[in-house]
Amino acid sequence: MIVWINGTFSAGKTSTARELTGILPDSTLFDPELIGDALRVLLPRKRLAEVSDYQDLPSWRRLVVDMAAAMLGELGGVLVVPMTLLRQEYRDEIFGALAARRIPVRHVLLAPEETILRQRIATREEPGEAQDVDQRVRQWAYDHIPAYRQALGWLTADAHVIDNSALTPRETAARIAEAVHSETAAVCDIVQTPEPTRETVASGVLLFDAQDRVLLVDPTYKAGWEFPGGVVEAGEAPACAGVREVAEELGLVLEGTPGLLVVDWEAPQPPGYGGLRLIFDGGRLPDGAAARLRLPGPELRSWRFVTESEAAGMLPRHRYERLRWALRARERGRPLYLEAGVPVG
């Protein structure tokens, strides 16, 4: 199990995490900042200059998951992770990848009052740091307060919140330990999708409203919007898989078998294996059907109908190309075969 201690900079995460490892039996501290420090040494300066924060590096997010899994595999017990995550898509990616490895995460947010937070930043001192370096770090912490405020909406909905304004790190750790033992800090409610071990076949279904806008969904377990759908199970027909996924994700039962629009071969992109991606035409939803759409499980955060141009700003590039050609196939009345999003033949 992982206890992920979140909060903005100077909220008291690291000091609380150290205390928590002394309270929770068989617990180990894992600070993902160490991975950031390593990447600053390992990656070329040109690549580092392209991002403002090491969390923006896909390699950092991947290595955090890999290292956490490796440490739990070797040590067992509880991994205590003090790490700020203010971008929901990064939380989705990291927690989703941990869930895919069957690693439960208890997400805790330390949320001191802002006046206390600013006071802690102002009095922050690190032994051995030059005064100018310390001042830059303080300013950096101040600069992230607006982003923290903006993230509080999803953070407070997702995590077990502890106001540690008047608590010592030891007292805060005791509160976390109590919440973990009593399951007040519940396991993060995120879908657990096993990581593929080989190429997969996945089916997506396009659904349209009266204005011919297409339905997109926002998964909790990966970054970016997506079409309703999922991986085809062993012995399952791809079209049936698409119909099943629509029913599971949206509570919508499609009548008949949807027509095929696109077959796209997705190239492997480590750690992903790629495979065949099929897009089917679920047709236009009848009047009133959109109002009855529901999100019955933790797999999806929201849904919305969008135009093709709006989808271009919401979908990752390869998914948008798949959508673009699926819409052209729908207009022409015949399916298309793609390789890596490009029509062939």
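Both backbone and side-chain heavy atoms feed into the values below; hydrogens, waters and symmetry mates do not. It should be emphasised that the depicted structure is a prediction, and the values quoted were computed from it without experimental measurement.
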**OP:** Output, in order, the C-alpha distance, side-chain angles, deciding distance and verdict of salt bridge (Lys or Arg N to Asp or Glu O under 4.0 Å) for R101 and D66.
**Re:** CA-CA 10 Å; R101 300 188 185 208; D66 290 343; 2.5 Å; yes
Original post:
Which pairs, with at least one residue in residues 69-86 and sequence neighbours excluded, count as a side chain to side chain donor-acceptor pair (under 3.5 Å)?
Top reply: K13-T84
May I ask you to decide whether [X] forms a salt bridge with [Y], counting only side-chain N to carboxylate O separations under 4.0 Å?
X	Y	value
R213	E310	no
R319	E226	yes
E248	R244	yes
R87	D92	no
R284	D209	no

Is any side-chain heavy atom of [Y] closer than 4.5 Å to one of [X]?
X	Y	result
V263	L336	no
V262	P335	no
D218	S302	yes
L261	L206	yes
L39	S59	yes
T14	E33	no
V3	I176	yes
F227	I279	yes

Original post:
Does any pair with a residue in residues 258-269 pass salt bridge (charged side-chain N to carboxylate O under 4.0 Å, His left out), and if so which ones, sequence neighbours excluded?
Top reply: D264-R322, E266-R277, E266-R322
Original post:
Among pairs that include at least one residue of residues 161-181, which meet salt bridge (charged side-chain N to carboxylate O under 4.0 Å, His left out), considering only residues two or more places apart or in two chains?
Top reply: E19-R170
**OP:** Test salt bridge (Lys or Arg N to Asp or Glu O under 4.0 Å) on R118 and E114 and set out the steps.
**Re:** CA-CA 6 Å; R118 289 183 176 275; E114 187 171 327; 3.1 Å; yes
Distance (rounded to the nearest 0.5 Å) between [X] [atom1] and [Y] [atom2]:
X	Y	atom1	atom2	result
N6	L86	CG	CG	6.5 Å
E233	C240	CD	SG	11.5 Å
S203	L278	OG	CG	5.0 Å

Original post:
Going through the checks in order, is the side-chain contact (heavy atoms from CB on, under 4.5 Å) test met by V243 and V205?
Top reply: CA-CA 8 Å; V243 171; V205 179; 5.9 Å; no
Taking atom [atom1] of [X] as the centre, does the number of heavy atoms from other residues, nucleotides or ligands within less than 6.0 Å exceed 12?
X	atom1	value
E331	CD	yes
M71	CE	yes
Q150	CD	no

Subject >> Single hit among L215, L285, L327 for side chain to side chain contact (heavy atoms under 4.5 Å, CB included) with F208 >> reply: L327
When hydrophobic residues are tied together by side-chain contacts of less than 4.5 Å, even through go-betweens, does [X] share a cluster with [Y]?
X	Y	result
L63	I94	yes
L85	L57	yes
V78	L110	yes
L338	F280	no
L29	I23	no

**OP:** Is it possible for you to check whether R61 lies under 6.0 Å from the centre of the six-membered ring of Y54, through NZ or CZ, and within 45° of that ring's axis?
**Re:** no
Original post:
Going through the checks in order, is the side-chain contact (heavy atoms from CB on, under 4.5 Å) test met by L152 and L109?
Top reply: CA-CA 10 Å; L152 276 175; L109 174 68; 4.2 Å; yes
[X] side chain to [Y] main-chain N or O, any donor-acceptor pair under 3.5 Å?
X	Y	result
S27	T21	yes
E93	Y90	no
T8	I145	no

**OP:** Show the numbers, then the answer: is there a side-chain contact (heavy atoms from CB on, under 4.5 Å) between V80 and I5?
**Re:** CA-CA 7 Å; V80 179; I5 304 178; 3.9 Å; yes
Subject >> E249 and W303: CA distance, side-chain angles, deciding distance, side-chain contact (heavy atoms from CB on, under 4.5 Å) verdict >> reply: CA-CA 10 Å; E249 294 180 354; W303 58 267; over 6 Å; no
Original post:
Would you call the rings of F9 and H144 parallel, tilted or perpendicular, where under 30° means parallel and over 60° means perpendicular?
Top reply: perpendicular
**OP:** Just do the ring pair (Phe, Tyr, Trp, His ring centres under 6.0 Å) check on Y337 and W265 with the steps written out, would you?
**Re:** CA-CA 8 Å; Y337 171 68; W265 174 77; 9.1 Å; no
